[in-house]
Amino acid sequence: MFKLGESEFEVETAELYAVFQTWDDEADTSLVWCINIDMEEGTLAPEDEDDEDEETVSPNLYHENGFRIEQAHSWKELEGVVLEWEEEENDNGEDAGFIHTFDTEMITEGKIEFLERNGDKYLTRWSGVTEYETPFEFEGELEFTGILADSASILNQEELKSALAPFIDMDEFECVPEESYDKDDGERHYRWKCVLK
């Protein structure tokens, strides 16, 4: 269930995934965790009690820029992890996430709690406040869907697993190449999707 202000929405899809990117400067290479939660269409209650107009929306709660979880070296080790933001960004420069209804709102205070793992899903609570001071709370299962990787230098699965090894245990993953692309400067980038075996 997802609550936004006085409104409640059923969850359509909820996923947890990791993103790995390599840069020219190896110090910037990182693995970050991302969340995407889509809600079913529902009614958004008006903020003004005198306003009788209700509008239909399908909210999207997401963290696409990602956050680091230094204490976890496996996708199975997130249970009990709690992340908090007291403003739009934390000390690492990681944003608190976003909510999209009619437009996109930044989350200005947030707390993500990975409560319990059940197979490839995590019971998770994500609560906070948007930039328009609207409280929200999601509680439900996030399905772990794997790792997305993007690199200009990694050309095969063995190289990719070696590059990921300092960040996460790769023994349970199979990495499948996806369509490569050229950046604006003409540099070829290679994409991979690493899924559980």
Side-chain angles (χ1 to χ4, degrees), residues 1-23 25 27-42 44-47 55 57-118 120-150 167-168:
M1 180 66 70
F2 175 66
K3 297 180 181 178
L4 180 61
E6 299 298 318
S7 305
E8 293 189 2
F9 298 86
E10 295 294 330
V11 175
E12 185 172 11
T13 60
E15 69 170 331
L16 167 72
Y17 58 98
V19 175
F20 177 74
Q21 294 180 310
T22 61
W23 309 99
D25 181 358
D28 288 339
T29 299
S30 64
L31 178 85
V32 296
W33 298 88
C34 300
I35 296 173
N36 187 66
I37 306 167
D38 287 312
M39 312 320 154
E40 293 181 2
E41 188 174 76
L44 186 64
E47 293 183 14
E55 300 184 87
V57 295
S58 302
N60 176 217
L61 173 65
Y62 60 98
H63 207 302
E64 67 179 352
N65 296 323
F67 46 85
R68 292 172 179 84
I69 302 178
E70 304 292 348
Q71 65 267 45
H73 192 68
S74 167
W75 71 273
K76 293 180 176 179
E77 296 175 354
L78 304 187
E79 185 173 285
V81 170
V82 177
L83 305 165
E84 293 191 66
W85 285 261
E86 296 180 353
E87 49 192 30
E88 293 173 4
E89 291 186 352
N90 62 18
D91 293 341
N92 295 326
E94 299 164 343
D95 63 61
F98 301 88
I99 293 177
H100 183 83
T101 51
F102 302 107
D103 57 6
T104 300
E105 297 181 47
M106 294 189 71
I107 294 171
T108 53
E109 295 177 38
K111 184 176 185 180
I112 299 173
E113 303 167 83
F114 295 99
L115 303 172
E116 182 180 3
R117 185 173 74 84
N118 181 20
D120 62 354
K121 296 180 175 66
Y122 276 97
L123 176 61
T124 304
R125 182 184 302 119
W126 185 359
S127 57
V129 179
T130 73
E131 63 183 282
Y132 299 142
E133 301 183 354
T134 305
F136 71 89
E137 181 175 279
F138 161 81
E139 185 164 332
E141 288 189 324
L142 299 176
E143 180 181 4
F144 176 65
T145 57
I147 304 169
L148 303 175
D150 187 313
F167 302 97
I168 192 167

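Between Cys34 and Gly66, the closest heavy-atom pair is SG-CA, 3.7 Å. When every heavy atom of Ile37 is checked against every heavy atom of Asn60, the shortest pair comes out as O-ND2, 2.9 Å. Pairing each heavy atom of Ala18 with each of Leu31, the nearest pair is CB-CD1, 3.8 Å. Residues Phe2 and Pro59 share a closest heavy-atom pair of CE2-CB, 3.9 Å. Minimum interatomic distance between Trp75 and Ile168 (heavy atoms only, all atoms of both residues): N-CD1, 4.0 Å.
Sequence neighbours left out, not one pair with a member in residues 126-138 passes salt bridge (charged side-chain N to carboxylate O under 4.0 Å, His left out). Applying the salt bridge (charged side-chain N to carboxylate O under 4.0 Å, His left out) definition to pairs two or more places apart or across chains, those involving residues 77-106 are Arg68-Glu94.
Judged as a side-chain hydrogen bond (donor to acceptor under 3.5 Å, both in side chains), and not counting sequence neighbours, Ser127 has no contacts. Annotation: side-chain hydrogen bond (donor to acceptor under 3.5 Å, both in side chains) contacts of Trp33 (sequence neighbours excluded): none. Residues forming a salt bridge (Lys or Arg N to Asp or Glu O under 4.0 Å) with Glu113 (at least two apart in sequence, or on another chain): Arg125. Every residue two or more places apart in sequence or in another chain was checked for a ring pair (Phe, Tyr, Trp, His ring centres under 6.0 Å) with Tyr17, and none qualifies. Listed by chain and number, the residues in a ring pair (Phe, Tyr, Trp, His ring centres under 6.0 Å) with Tyr122 are Phe114 (sequence neighbours excluded). The side-chain contact (heavy atoms from CB on, under 4.5 Å) search around Glu141 returns Asn118, Lys121, not counting sequence neighbours. With sequence neighbours excluded, the residues that form a side-chain hydrogen bond (donor to acceptor under 3.5 Å, both in side chains) with Lys76 are Glu172. Qualifying side-chain hydrogen bond (donor to acceptor under 3.5 Å, both in side chains) partners for His100, counting only residues two or more places apart in sequence or in other chains: Thr104. Under the ring pair (Phe, Tyr, Trp, His ring centres under 6.0 Å) criterion, Phe98 pairs with Tyr62, sequence neighbours left out.
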For residues 9-16, tabulate all N or O donor-acceptor pairs below 3.5 Å that involve a side-chain atom, not counting sequence neighbours.
| unit_1 | atom_1 | unit_2 | atom_2 | d |
| --- | --- | --- | --- | --- |
| Glu15 | OE1 | Thr145 | OG1 | 2.8 |

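Classified by interplanar angle (parallel below 30°, tilted 30° to 60°, perpendicular above 60°), the ring pair His63/Trp85 is tilted.
Under the 3.5 Å distance criterion, the side-chain polar atoms of Thr108 are matched with a main-chain donor or acceptor of Val129.
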